[in-house]
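Worksheet for the structure shown next.
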There are 2 protein chains.
Amino acid sequence: MRSTSASPAPDAADTRTALLQAAAAEFAEAGYHDATIRAICRRAGTNVAAVHYHFGDKPQLYLEVLRHLVAEANRRLPFDMGLGPEAAPETRLRAFVRSVLGRLLEPGPHAWLGRLVARELTEPTPCLEVMVREHIQPLADQVRSIIVAFLGPDRDEQTLGFCGLSIVSQCFFYFHCRAVVSRLLPHLPQGPAAVEPLTEHITRFSLAALKELARRPVGTAARRAPVPAGRTRSRRRGPRPAVAAPDFPHRS
Amino acid sequence: MRSTSASPAPDAADTRTALLQAAAAEFAEAGYHDATIRAICRRAGTNVAAVHYHFGDKPQLYLEVLRHLVAEANRRLPFDMGLGPEAAPETRLRAFVRSVLGRLLEPGPHAWLGRLVARELTEPTPCLEVMVREHIQPLADQVRSIIVAFLGPDRDEQTLGFCGLSIVSQCFFYFHCRAVVSRLLPHLPQGPAAVEPLTEHITRFSLAALKELARRPVGTAARRAPVPAGRTRSRRRGPRPAVAAPDFPHRS
DNA sequence: GCATGTTTCAAACAAACGTTTGACACGTCA
DNA sequence: TGACGTGTCAAACGTTTGTTTGAAACATGC
């Protein structure tokens, strides 16, 4: 029946949405694996059995949270921040970087989906397929389109793919490895305060690289700096300690 | 006594090293959290109680594995691949990238430590402090030294830090997000086959960026492309939720 | 009023985990 | 020989997890 009125006495629909909300927060903070159904229900003020009544089991609850957040995010702010393909490539690049960083670092519910996506990248859940299809693929397409705007449409797929990884990786690394980064580089701005300076840096860094790659097609890069004694490329120097050699006192 | 022969009758030292070996493999494959003591002992051919007899508990076993692998790795191949600070910056950069990628993507026990470090970056364990102090800090110093070689010693710490993140992030992203990358960009080389082309790309990409940043000091970058309707830069619309609000949960 | 379907709850269930226990086998030294 | 420390083992412990149960509370339709 699902009465649509927000009545003072919580009805069925309220319990469901309360669970969705609580689950989104808990999954975003703790990750799929570490988020427990009991913690979610405590936050939602319901019984643990409510999850299985409304959603079936934990994976289905997670899937429902994902669909909910993806729909809401796409309705609100797309990755191109409203810029079409006709905008200047540099502007589109900056908007993309700013959008991804905001979705990861800004406080509150706005960043729930971004953090879920970030976790899905490094520790996939059973819902990875859905996540890729409905959210990550559009993101990848957007990056590709921006890079094509810089390098032209005739570049090989490998170059386009690698350049996309280079840009996206810079955006995600600061969030993925925040625990170590904050220890190693404590003077850098932390959390939401990092969004603007990081946007600036990643844009400049990637811009310079893309312009250079656009100037020189693959294969015509500046000749490599002379390497002393043929190091670095075929990096085998002198006698290797052994051949396979795990170097554990070998058993078996 | 410590008989060095792989004797048919395993003695005490053999059990200990067997556990270390099995634990290293298991931790590298499954991660600290998902690796179970039972699986480690099954692989080592011992009883579950052996872990607590020889190492105390699971964190101490993990710590012992880390120390062992770090010592072995530092003995074998340092991050600078034998290149000193006098080598050409471009050569040092390529050697560093190649070294990190090799430690992540190459098959077999050689990559055990690299994968443990990579996991520690995204999902820290109780041993994070030790890991940072004994292994990650030297890595960061090496990156910083290379960047200083490009940008000069007078750059601000923020620029040096950001540039280091940009380079390291590109190296780790391909491994951290391999599940998604292989789905999204199936035409890219996978696993060990990616080491050489990725080294080439990341080096070129970062090289171009560093040279550009060396050419133009901070603040004198090419003026920004005009942004339509003032989006992207100050996209704050309506009231901010709050001011202080870090809400950047690290969680244990 | 009564039967029916929906929703919630406390309580228990089964599995997996890290950890501990107590007994047994073995080598060493008095 | 007998006591002692070392190393190993099967078995169990206590906790936490996702999941299920069976009985209430509630609204709805005849």
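Small disclaimer: the values here were computed from a predicted structure and weren't measured. So you know, we letter chains A, B, ... as the sequences are listed, proteins then strands, and number each from 1.
B/Leu61 places its CG atom 10 Å from the P atom of C/dT19, with the value rounded to the nearest Å. The CZ atom of A/Arg16 sits 11 Å away from the P atom of C/dT7 (whole-angstrom rounding). Between B/Asn47 atom CG and C/dT19 atom C1' the separation is 12 Å, expressed in whole Å. To the nearest angstrom, C1' of C/dT19 lies 13 Å from CD of B/Gln60. For the pair A/Arg42 CZ and C/dC9 P, the interatomic distance rounds to 15 Å; values are reported in whole Å. Taking atom CZ of residue B/Arg38 and atom C1' of nucleotide D/dA10, one finds them 12 Å apart after rounding to whole Å. To the nearest angstrom, P of C/dT8 lies 7 Å from OH of A/Tyr53. Following rounding to the nearest Å, A/Lys58 (NZ) and C/dA16 (C1') show an atom-to-atom distance of 14 Å.
The aromatic rings of A/His201 and B/Phe162 sit tilted relative to each other, their planes meeting at an angle between 30° and 60°. The aromatic rings of A/Phe205 and B/Phe205 sit tilted, their planes meeting at an angle between 30° and 60°.
The listed nucleotides are D/dT21, C/dT21, D/dT8; the one nearest the side chain of A/Ala49 is D/dT21. Of all nucleotides listed (C/dC17, D/dG18, C/dT19), C/dC17 comes nearest to the side chain of B/Thr36.
Between the side chain of B/Ser169 and the backbone N or O of B/Ser166 there is at least one donor-acceptor pair closer than 3.5 Å.
Between B/Thr15 and D/dT8, a side-chain N or O to OP1/OP2 separation shorter than 4.0 Å is present. Here A/His52 does not reach the OP1 or OP2 of D/dT21: none of its side-chain N or O atoms lies under 4.0 Å away.
At the heavy-atom level, A/Val51 lies nowhere under 4.0 Å from the strands shown. Residue B/Ala35 is in sugar-phosphate contact alone, with no base atom involved, counting any heavy-atom pair closer than 4.0 Å across all strands shown.
Residue pairs meeting the salt bridge (Lys or Arg N to Asp or Glu O under 4.0 Å) criterion with at least one partner in residues 183-195 of chain B, sequence neighbours excluded, are A/Glu129-B/Arg183.
Outside the 6.0 Å centre-distance limit, the rings of A/Phe173 and B/Phe173 are not counted as a close aromatic pair.
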